[in-house]
Protein chains: 2
Amino acid sequence: MREFIAVTKALADENRVRVLMALRHGELCACQIQELLQLAPSTTSKHMQILYQARMVESRKVGRWVHYRLPEPVPGWEFITESLDWLERNLKDTSIIQADDERLKSLRAKNRQELCP
Amino acid sequence: MREFIAVTKALADENRVRVLMALRHGELCACQIQELLQLAPSTTSKHMQILYQARMVESRKVGRWVHYRLPEPVPGWEFITESLDWLERNLKDTSIIQADDERLKSLRAKNRQELCP
DNA sequence: ACTAGATTTCGACTATTGACGAATCAACGA
DNA sequence: TCGTTGATTCGTCAATAGTCGAAATCTAGT
């Protein structure tokens, strides 16, 4: 129950929901997430920490850069992937997410070089 | 998106999740919910208000008594019933909910008379 | 070792939220 | 009408949460 509530609390913020929706297209670097959300680096880091602790994202470090992605399905933790499916089904056509998806195209293309050199 | 976040915020509290799980067995009166949660009447009322405004519960008034129940499915609001299904699938076997279910048996039986005379 | 860049941690501030008791409102019965 | 009861609203407090800038940490290159 405690882990479940950690997930529901993680979902109770629009910026974090936007991050999860962005990650459904594939891994993103912390700098790309920060650029997407237009938040301070520290705020972005704090949000990612909450998602990480709720096991809603996984991360790997490449040099200075941290890449986040959605988690692999794990037996016993189906409620996490189910919640992510629930987000996708219901939010993929909303204007905020579609605007984010649009911006993500350029963010993913060019900012691999400019944002994460 | 705003309504969706209202739902995720409503889910971000254990007591409110417990209420929703309790309501899956059928309608409850405010006094029964209050008894189940062991919270002050004002706190209980505030929680139910949050659930009501997120459209996660419906209510009807009978004299002094207010009865709450889970909402009927409404086209365009599938994310609500989907969230409730998500709760049920993943929490019905947890100890907190099972303990609640046990207490609900007596609450539903006797307290129709003692709690809501 | 020094510099630069990315990220995290820290501290402060503001906003939000959960909890309570008191006050208020609505309904009911004498 | 008045007193009682159930529920809601209001006000207060403490805790939590989102945000920022500064500082610290980590990594890489020279």
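Proteins get letters first, then strands, A, B, ... in listed order; numbering begins at 1 in each.
Listed nucleotides: C:dT7, C:dA22, D:dC20. Nearest to the side chain of B:S42: C:dA22. Of the candidate nucleotides C:dG18, D:dT19, D:dG18, C:dG18 has the atom nearest to the side chain of B:D13. Side-chain atoms of B:V66 lie closest to D:dA7 of the nucleotides D:dT19, C:dT7, D:dA7. Of the candidates D:dG18, D:dA7, C:dT7, the closest approach to any side-chain atom of A:W65 belongs to C:dT7.
Look at A:H47 and you'll find a side-chain N or O under 4.0 angstrom from OP1 or OP2 of D:dT19.
Nearest-nucleotide mapping onto DNA chain D: of A:A40 and A:K9, the residue sitting toward the 5' end is A:K9. Along DNA chain C, the nucleotide nearest to B:L39 and the one nearest to A:T43 differ in position, and the one closer to the 5' end is contacted by A:T43.
Checked by distance alone, A:R64 brings no side-chain donor or acceptor within 3.5 Å of a matching partner on the base of C:dT7.
What separates CZ of A:R60 from P of C:dT7 is a distance of 13 Å, to the nearest Å. For the pair A:L37 CG and D:dC20 P, the interatomic distance rounds to 10 Å; values are reported in whole Å. Atom pair B:I5:CD1 and C:dT16:P shows a separation of 15 Å (rounding to whole Å applied). The interatomic distance linking A:K61 (NZ) with D:dT25 (P) rounds to 13 Å, in whole Å.
For the atom pair CG (B:N15) and CG (B:L37), the distance works out to 5.0 Å, reported to the nearest 0.5 Å.
Within the 3.5 Å criterion, the main-chain N or O of A:L11 finds a donor-acceptor partner in the side chain of B:T8. In terms of modelled atom types and a separation under 3.5 Å, the side chain of B:E78 and the main chain of B:G76 share a donor-acceptor contact.
Residue B:Y52 is classed as having no contact, given no heavy-atom separation below 4.0 Å to the nucleic acid. Backbone-only engagement by B:Q49 is indicated by non-hydrogen atom pairs under 4.0 Å involving sugar-phosphate atoms exclusively.
Using a cutoff of 4.0 Å between basic side-chain nitrogens and carboxylate oxygens, B:E27 and B:R60 are scored as salt-bridged.
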